Every structure is written in structure tokens, then in C-alpha cells.
Amino acid sequence: MPFRRYVEIGRVALVNYGPDYGKLVVIVDVVDQNRALVDAPKMVRSQMNFKRLSLTDIKIDIPRVPKKKVLTEAMEAAEVQKRWENSSWGRKLIVQKRRAELNDFERFKVMLAKIKRGALIKREISKLKK
Amino acid sequence: MAKSEKPRVSRNKELIRGVGRFSRSKMYHKRGIWALKEKNGGSFPRHDKQPPQAKAVEKAPKFYPADDEPKPLINKRKPKPTKLRSSITPGTVLILLAGRFKGKRVVFLKQLESGLLLVTGPFKLNGVPIRRVNQAYVIATSTKIDISTVDASKFTDKYFEKEVVRKKKTESDFFEAEKEDKKTLPTEKKEDQKVLDAVVLQAVESVPDLNQYLSSRFSLRSGMKPHELVF
């Protein structure tokens with residue numbers, strides 16, 4: 001089981017603790033064994049402990065500590081946001097967020113939809129069993 | 001004063017606190033005291049005190065209480081009508097939390113003068129009649145129904161008052177076994193329910209799945225955290 005996601009310049013990570021929780025950031029430099037300099041288009045460049053970051057599969061091509069404009073362009077070119085939203089991890093987070101903000105009526109409608117779906121599946125299975 | 005008084009404005013504009021634009025003599029002239037004096041023949045009109053009218057002679061009371069009891073303080077406080085939560089507007093779907101209809105989802109009609117909320121099931125969907133409910137025992141959901149065409153003006157607190165039955169205490173009643181007649185709802189109340197619900201149901205039918213929603217009860221399942229749920 002080798003490591004596949006390395007801490008490197010250009011590695012996209014998800015912040016998993018603190019005021020920036022849930023944001024996608026790019027590692028632009030490594031400060032020391034524990035900390036990285038981290039940047040995102042709508043964020044002030046700051047240092048973060050690696051423990052606050054969850055590395056993703058996405059890596060972009062940037063020079064060390066690029067200017068904000070360069071970083072933004074590189075992220076657009078690599079389509080980071082789109083790749084994130086299409087990845088299974090990204091999709092899961094979007095679904096979790098949507099489920100948390102459902103109101104009572106919407107939750108009821110989801111329940112009805114699940115029942116319908118289950119009924120369809122059962123019908124197909126029973127057809128196959130015959 | 002019979003005439004409606006307009007708010008009194010000062011003729012002497014304040015320059016700084018304590019200093020007016022015009023002097024005493026100028027103000028005397030502006031107020032027109034000289035004109036009033038002229039009208040009244042040289043001096044300012046006076047109204048002398050009327051001689052005090054003779055008061056009726058008070059008789060000494062027949063009975064004095066033994067001890068001087070302290071009088072309670074005067075209380076002129078008028079209780080304000082209960083403030084309605086901003087999330088509750090006419091047409092909101094509410095979840096009842098207590099009583100025999102706990103968990104039922106119900107349509108809010110209006111707030112009555114006593115502060116209680118007037119709600120209806122509608123009766124056909126979940127068995128909740130036109131009823132009063134306390135705001136404290138209710139969760140307001142963000143689902144709203146359009147009930148602008150509904151007329152709930154005939155329902156007031158008086159409508160829900162218990163009818164006082166006066167029975168004459170006779171010996172025969174004492175010894176007879178208590179025959180309690182089953183209290184049935186008068187037909188006018190049933191008619192009121194039908195008329196009101198007809199309009200509400202129209203509004204409910206226009207939204208898909210809403211009638212099933214109102215027919216079901218709310219309950220907490222495993223993993224549902226009430227403080228994290230969005231209603």
C-alpha cells in the first residue's frame with residue numbers, strides 16, 4: 001500500500017477543521033515538517049497545519065508561491081472545481097449538504113420517492129425470480 | 001377640548017440650549033398678549049375660582065373593620081397580546097407537539113384575540129377539526145399554503161367557549177344514576193368545518209403530495225437530530 005497522494009506544490013486539499021472548513025485549497029509552499037502555505041482564489045494566502053488538510057487526488061501545475069492571478073488561471077485551466085464536483089468524494093459532500101438543508105416537506109417527498117424506487121426494484125426482482 | 005389639538009409648536013426657535021431667537025418683549029408681541037388684553041379691556045382675561053360647591057354630608061359608616069388591613073398597590077398593567085413568531089404566517093403548515101393530535105401536520109389560519117392559534121387539519125385529511133392551539137406547543141415548518149381566499153372571521157374565542165348547562169338541583173336528580181348524554185357536535189359546527197375545509201382543500205390540492213404530507217404524522221427517526229433539522 002504505497003502512498004499515492006503526496007504533499008507537493010500544486011496539490012489540492014480540503015480543509016477539514018477551522019473557520020475555512022470545507023474549502024478547497026492549493027498547497028503553494030511547505031513551511032516545515034508540519035505546516036504548509038496554502039492558497040485559494042477567494043482566500044487570503046495563509047499557513048495551515050497538515051492535520052487540518054485532507055489531500056485530494058487533484059494536482060495542478062504551478063510554480064512555487066504563485067501570484068493570485070497565476071493561481072486562479074491555473075485552477076481554471078485544470079478545471080479543479082469541475083473535477084472535484086464530479087469525483088465521488090466531491091459528489092458525496094454535495095449530497096450531504098443538500099440533505100442537511102431539506103425542509104420537513106422535502107424530506108417527506110424524498111421518503112415517497114424512496115418507497116416508489118424500492119417498489120420498482122422489487123417488481124423487477126420478482127420478475128427475474130419467476 | 002372638543003377640537004382635536006394639533007401638536008403645539010414653539011414660536012421661538014432654539015439657537016442653543018437655553019437661548020431663543022427672540023427676546024421676552026418680542027415674544028410677548030408674537031404671542032399676541034397685547035391683542036388679548038385689548039379685547040378684554042386693558043387687562044388679561046381672568047377666570048376667578050368658582051365658590052366651592054357644598055359637598056353632600058357623609059354619614060359615618062355603620063361598621064369599622066377590627067384591624068387596619070394594608071391596601072394592595074394599584075396595578076394598571078394591561079397584558080399585551082401574545083407575540084406571534086415571525087415564522088408563523090397564515091397558511092403555514094404547523095406540527096403539533098402535544099395533546100391527542102401530537103405529530104399531526106396542520107394548517108394555520110389566524111391568531112385569535114386570546115393569543116391562541118386557530119388551526120384546521122383539514123379534517124378530511126388528518127382528523128384535526130377547527131381548533132385552538134398554543135404557540136408554544138407547535139413547530140412552524142417553512143411550507144406555506146395560499147389561503148388568501150379563506151374567510152375565518154366567524155371563528156373567535158367565543159366560538160370555542162363551553163356551553164354552560166344549568167341544572168336544577170332536585171332530590172330526584174341526586175338519586176338517579178347520572179345519565180350523561182353523549183355530547184355530539186352541533187350540526188352548525190360540522191357545517192362550518194366543511195365550508196372552511198372546502199376552500200383549504202382546494203389550496204392543498206394545487207400542490208403535489210401536500211395532501212399525503214398533511215395526512216401523515218411527524219416522528220423522529222434514528223439519526224435525526226432535532227437541533228440540526230431544518231423545518
Side-chain angles (χ1 to χ4, degrees), chain A residues 13-25 40 42-43 48-49 51-56 81-82 84-127, chain B residues 85-97 101-108 119 121-122 125-126 128 133 137-147 200-201 203-231:
Chain A
L14 185 71
V15 179
N16 59 27
Y17 182 91
D20 296 315
Y21 182 85
K23 291 201 183 140
L24 276 183
V25 290
K42 291 205 178 116
M43 189 179 102
M48 267 196 195
N49 193 312
K51 292 188 177 175
R52 289 200 178 190
L53 300 172
S54 300
L55 303 179
T56 67
Q81 192 60 32
K82 204 160 124 225
W84 174 245
E85 282 166 12
N86 289 337
S87 72
S88 56
W89 182 1
R91 271 182 288 145
K92 257 190 274 180
L93 287 187
I94 291 171
V95 168
Q96 272 173 22
K97 189 160 162 281
R98 180 72 186 109
R99 285 204 181 132
E101 58 191 36
L102 288 176
N103 78 23
D104 193 45
F105 187 30
E106 285 170 353
R107 259 176 271 136
F108 181 80
K109 286 193 270 194
V110 166
M111 178 191 73
L112 290 183
K114 279 190 185 167
I115 291 171
K116 270 205 185 114
R117 183 164 154 260
L120 282 174
I121 292 172
K122 282 212 178 93
R123 221 175 296 155
E124 292 299 313
I125 290 177
S126 63
K127 275 193 213 160
Chain B
R85 262 183 269 162
S86 57
S87 54
I88 303 178
T89 61
T92 313
V93 173
L94 307 174
I95 300 176
L96 302 180
L97 297 173
F101 298 111
K102 53 177 160 286
K104 297 268 191 196
R105 295 171 173 122
V106 128
V107 179
F108 169 70
V119 286
L125 293 181
N126 50 26
V128 179
V133 135
Y137 299 99
V138 139
I139 294 180
T141 66
S142 47
T143 317
K144 313 245 185 236
I145 306 173
D146 179 22
I147 56 163
V200 177
L201 276 169
V204 166
E205 303 288 311
S206 60
V207 182
D209 293 331
L210 191 60
N211 53 345
Q212 278 186 289
Y213 177 60
L214 292 175
S215 315
S216 63
R217 278 208 209 224
F218 172 81
S219 69
L220 287 176
R221 304 269 151 75
S222 190
M224 284 174 123
K225 297 174 197 157
H227 69 288
E228 283 181 5
L229 286 178
V230 169
F231 283 100

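These figures come from a predicted structure and were not determined experimentally. Proteins get letters first, then strands, A, B, ... in listed order; numbering begins at 1 in each.
The CD atom of E106(A) sits 11.0 Å away from the OG1 atom of T141(B) when rounded to the nearest 0.5 Å.
R107(A) forms no cation-pi arrangement with Y213(B), by the criterion of a distance under 6.0 Å to the ring centre and an angle within 45° of the ring axis.
Around the CZ atom of R99(A), the shell of radius 6.0 Å holds no more than 12 heavy atoms that belong to other residues, nucleotides or ligands.
Proximity to chain B involves both the backbone and the side chain of F105(A), based on heavy atoms less than 4.5 angstrom apart. If you measure heavy-atom distances from I139(B) to chain A, you find no contacts under 4.5 Å at all.
The closest side-chain donor-acceptor pair between S142(B) and N103(A) falls under 3.5 angstrom.
The minimum heavy-atom distance between Q212(B) and L112(A), with the atom names listed, is OE1-CD1, 3.5 Å.
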